[in-house]
Amino acid sequence: MQPTSYRTHGCGTLRSSDVGTIVRVAGWVRRVRDLGKFVFVDVRDRSGILQLYAPADSPWYQPLCALGREWVIQAEGRLRQRESPNPNLPTGEVELEVTALRVLNTAATPPFLVEDETDGQEELRLRYRYLDLRRPIMQRRLQQRARLMDILRRYLTAQGFLEVETPMLIRSTPEGARDFVVPARLRPGTFYALPQSPQLLKQLLMVAGCDRYFQIVRCFRDEDYRGDRQAEFTQLDCELSFVTREEILEIFEGLVRHVYAELLGIEVGEIKRLTYAEAMQRYGSDKPDLRYDLAWEEVTAWAHRQAVPFWQNKRVFWLWVAGVKASRNLQARWKALAEAAGLSLAFIQRAEGTYTTTLSKYFAPETLGLSEDGLGLWLAGEKLPGPELGLLRSTLIHDLNLPPQRPWALAWILDFPLFELTPEGRLTAAHHPFVQPHPEDLDRLEQEPLSVRSLAYDLVINGYEIMSGSLRCHTPQLQLRVFRALGLSEAEAYQQFGFLLEALGYGAPPHGGCAFGLDRWLMLLTGGTSLRDVIPFPKTASGADLMLQAPAPLSPEQKAEILRWLTVENT
RNA sequence: GGUCCGGUAGUUCAGCUGGUUAGAACGCCGGCCUGUCACGCCGGAGGCCGCGGGUUCGAGUCCCGUCCGGACCGCCA
């Protein structure tokens, strides 16, 4: 804490070695404890908590007793050793014997405890966010956030990245999430859109020769909220020229390791690499939580040799959960879950060497060669592998309260499909339409587009997609081929993405990049379960800022002007 | 847009199959207290039971609607 004319020290910085010095502190009253013959007052500032002390015969005894919670005060005195130290506090060895006190501001009684263990519910905390952020735990989260950004800036700058800002008022592009839209006053009938990401702008920066770009940038997507999703969020956005996918992975693997080492002092272990196909086959998800080793194994060939009627003509997957016993109740719930998806689920339970299974009339359990107690599951269906494998895996982990094998599991997911089908059966970009097709699959782009892999990659941490990126199409010819595969004529492509195609035609270097979801990553790094804990001023699930009371109606004048813009014909 | 959970004192909650005057803890106010740190002890104040309608002799409780918060599905290239 910086000394100012109001203070000589930060409250939380004082130790036994400072005993005897005259100290002045300024901060908030956490609590007043009047014991009759003396009084203790805890003062809090960003650095921590310090205990003030005055005996009943002190002229400051009465004024200290009269303080209220969260009043802002300045206190001066000599630091002394405590008679009864508090080992739970960094400053627990010392206290300040008050010889001067000034009330800088009083405070209304706060609606909830301004403590780590607060009694306030989230709704109330959001309404009084400034009080919520005053809690030490929230202060630490703000500090962690600032540190993370500082670490990223230093690291990337040292790696030759250039920090460049891109505009917040851009144009709406088709596909993707719903845009937030801003009427353009000077051009009635036209609109800006807030960026869902600076994707195209950073590609243009590569065309400009920036070589390596990064930006810590706000992005906007007008979609529904979740605990891990806000409409307004912060990305670390990066793009590099003249690099291969392998080089990009190495650079950002370095960044991730650096962040864990600097921020948490943790050495992250191996960062696994899985193809999308492997991830779906073994975990049923493109963002599996690999803190758990649990994995599906396909046993279709074996299953077809058994006399189980509902396994014939199906693909069958086997999952073994060692050491657990599942109640009939749980088994019934999982079965219902599978059947709701049109799949069949069968169990085998081994407990103290004895088998229980509904399939005993088809084959002897002993032939499975299980060597330990546990629960086995067979999931069978025509459309497997699919997301049901993942749903069941995570439900099992949750319902059985399985312990993770490791606190951190980082993995690259590679070789995503380039395209996927919309529910209406139309071809659409799996990632975005600027991703470069995998060179090995390029000749199938027109005939078998769904089998084409892309040069996209995701970094998955503990089941969350934390970073996502790809190599991009860098020639107009290739970009047009992808657009055409997506059903866009050359005219339509130029109409929607003319500026990009034009730029690619002016000597775009090979390039690729990625974006990290910083809020989500920080949520994991600080051990939270909600983005609202790491975003200083978040919104509720319905997009409201309970403190500012946003969104709010416009004034009649503003509203009339908007209506005029909306009704102007867009030529 | 859909499903589910919640809304009672400043706060967190309890309040049974509808039944007299709606409770507890913390906080707040007053008093006492020689080492507290979730101080302790004694006393006190504090309620539009989210809002609107309905059923009923009678509604915090049951029904319908609505608003707010949360979780999940859809959505999130």
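Every heavy atom of this structure was used, including side-chain atoms; hydrogens, water molecules and symmetry mates were not. Chain naming here is simple, since letters A, B, ... match the order of the sequence lines and numbering starts at 1 in each.
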Who is the Watson-Crick or G-U wobble partner of B:rU12, with both distances under 3.5 Å?
B:rA24
In chain order, what residues pass the side-chain contact (heavy atoms from CB on, under 4.5 Å) check against A:R15, with sequence neighbours excluded?
A:S17, A:D18, A:P90, A:T91
Please measure how far the C1' atom in B:rC73 lies from the corresponding atom in B:rC63, and state the result in whole Å.
28 Å
When the C1' atoms of B:rG50 and B:rU61 are considered, how many whole Å apart are they?
16 Å
Using the C1' atoms only, state how far B:rG58 lies from B:rG65, rounded to an integer number of Å.
23 Å
Contact letters for nucleotides 65-73 of chain B, in which S counts primed atoms plus P, OP1 and OP2 and B counts the base, heavy atoms under 4.0 Å
---SSSSSB
Taking only the P atom of each, what is the distance from B:rC29 to B:rU66 in whole angstrom?
43 Å
Measure CZ/A:F38 against P/B:rU36 and give the value in whole Å, please.
8 Å
Start with the C-alpha distance between A:W334 and A:L345, add both sets of side-chain angles, then the distance that settles side-chain contact (heavy atoms from CB on, under 4.5 Å), and finish with yes or no.
CA-CA 8 Å; A:W334 300 333; A:L345 183 62; 3.8 Å; yes
Nucleotide of B:rU12, B:rC76, B:rG27 approaching A:R69 most closely (side-chain heavy atoms):
B:rG27
What about A:R221: does its side chain form a donor-acceptor pair under 3.5 Å with the base of B:rC76?
no
A:Q235: what forms a side-chain hydrogen bond (donor to acceptor under 3.5 Å, both in side chains) with it, not counting sequence neighbours?
none
Who passes salt bridge (charged side-chain N to carboxylate O under 4.0 Å, His left out) against A:R80, sequence neighbours left out?
A:E95, A:E97
Between atom CD in A:E70 and atom C1' in B:rG10, what is the gap in whole Å?
15 Å
With sequence neighbours left out, write down each residue that passes side-chain contact (heavy atoms from CB on, under 4.5 Å) with A:V164, or none if nothing qualifies.
A:L162, A:L205, A:Y213
Under the ring pair (Phe, Tyr, Trp, His ring centres under 6.0 Å) rule, collect the residues that match up with A:F434, sequence neighbours excluded.
A:H432, A:F497
Using the P atom as the point on both nucleotides, what is the distance between B:rG15 and B:rA71, in whole Å?
24 Å
Write down the protein N/O and nucleotide N/O pairs, taken from nucleotides 37-40 of chain B, whose separation is under 3.5 Å; answer none if there are no such pairs.
| from | atom 1 | to | atom 2 | distance (Å) |
| --- | --- | --- | --- | --- |
| B:rC37 | O4' | A:R33 | NE | 3.2 |
| B:rC37 | O2 | A:Q51 | OE1 | 3.4 |
| B:rC37 | O2 | A:R82 | NH1 | 3.2 |
| B:rC37 | O2 | A:N86 | ND2 | 3.2 |
| B:rC37 | N3 | A:R82 | NH1 | 2.7 |
| B:rC37 | N4 | A:S84 | O | 2.6 |
| B:rC37 | N4 | A:P85 | O | 3.3 |
| B:rC39 | OP1 | A:R31 | NE | 3.3 |
| B:rC39 | OP1 | A:R31 | NH1 | 2.8 |
| B:rC39 | OP2 | A:R31 | NE | 2.8 |
| B:rC39 | N4 | A:D34 | O | 2.7 |

Roughly how far apart, to the nearest Å, are B:rG53 and B:rG44 at atom P?
38 Å
Rounding to a whole Å, what distance do you find between A:L124:CG and B:rC13:C1'?
14 Å
Residues two or more places apart in sequence or in another chain: which of them pass ring pair (Phe, Tyr, Trp, His ring centres under 6.0 Å) with A:F416?
A:Y276
Please determine, for B:rC4, whether a Watson-Crick or G-U wobble partner exists with both distances under 3.5 Å, and give it or none.
B:rG70
Does A:T166 have any side-chain hydrogen bond (donor to acceptor under 3.5 Å, both in side chains) partners at least two apart in sequence or in another chain, and if so, which?
A:Q215
Determine the interatomic distance between P on B:rC64 and the same-named atom on B:rU55; round to the nearest Å.
15 Å
Would you check if there is a donor-acceptor pair between the side chains of A:R141 and A:T526 at a distance under 3.5 Å?
no
Between B:rC28 and B:rG46, how many Å separate the two C1' atoms, rounded to a whole number?
9 Å
Would you say B:rC13 has OP1 or OP2 under 4.0 Å from some side-chain N or O of A:Q121?
yes
Write down the distance between CD (A:E95) and P (B:rU36), rounded to a whole number of angstrom.
11 Å
Determine whether the side chains of A:Q436 and A:S470 contain a donor N or O and an acceptor N or O closer than 3.5 Å.
no
For RNA chain B, whose closest nucleotide is more 5', that of A:F40 or that of A:F112?
A:F112
Rounded to the Å, how far apart are A:E232 CD and B:rC76 C1'?
16 Å
Return the value, rounded to whole Å, for the distance between atom CG of A:L113 and atom P of B:rA25.
16 Å
Could you check A:R33, A:R31, A:R69 and say which one makes a salt bridge (charged side-chain N to carboxylate O under 4.0 Å, His left out) with A:D42?
A:R33
Assigned partner base of B:rG35, Watson-Crick or wobble definition, under 3.5 Å:
none
Grab the CD1-P distance between A:I49 and B:rU36 for me, whole Å please.
18 Å
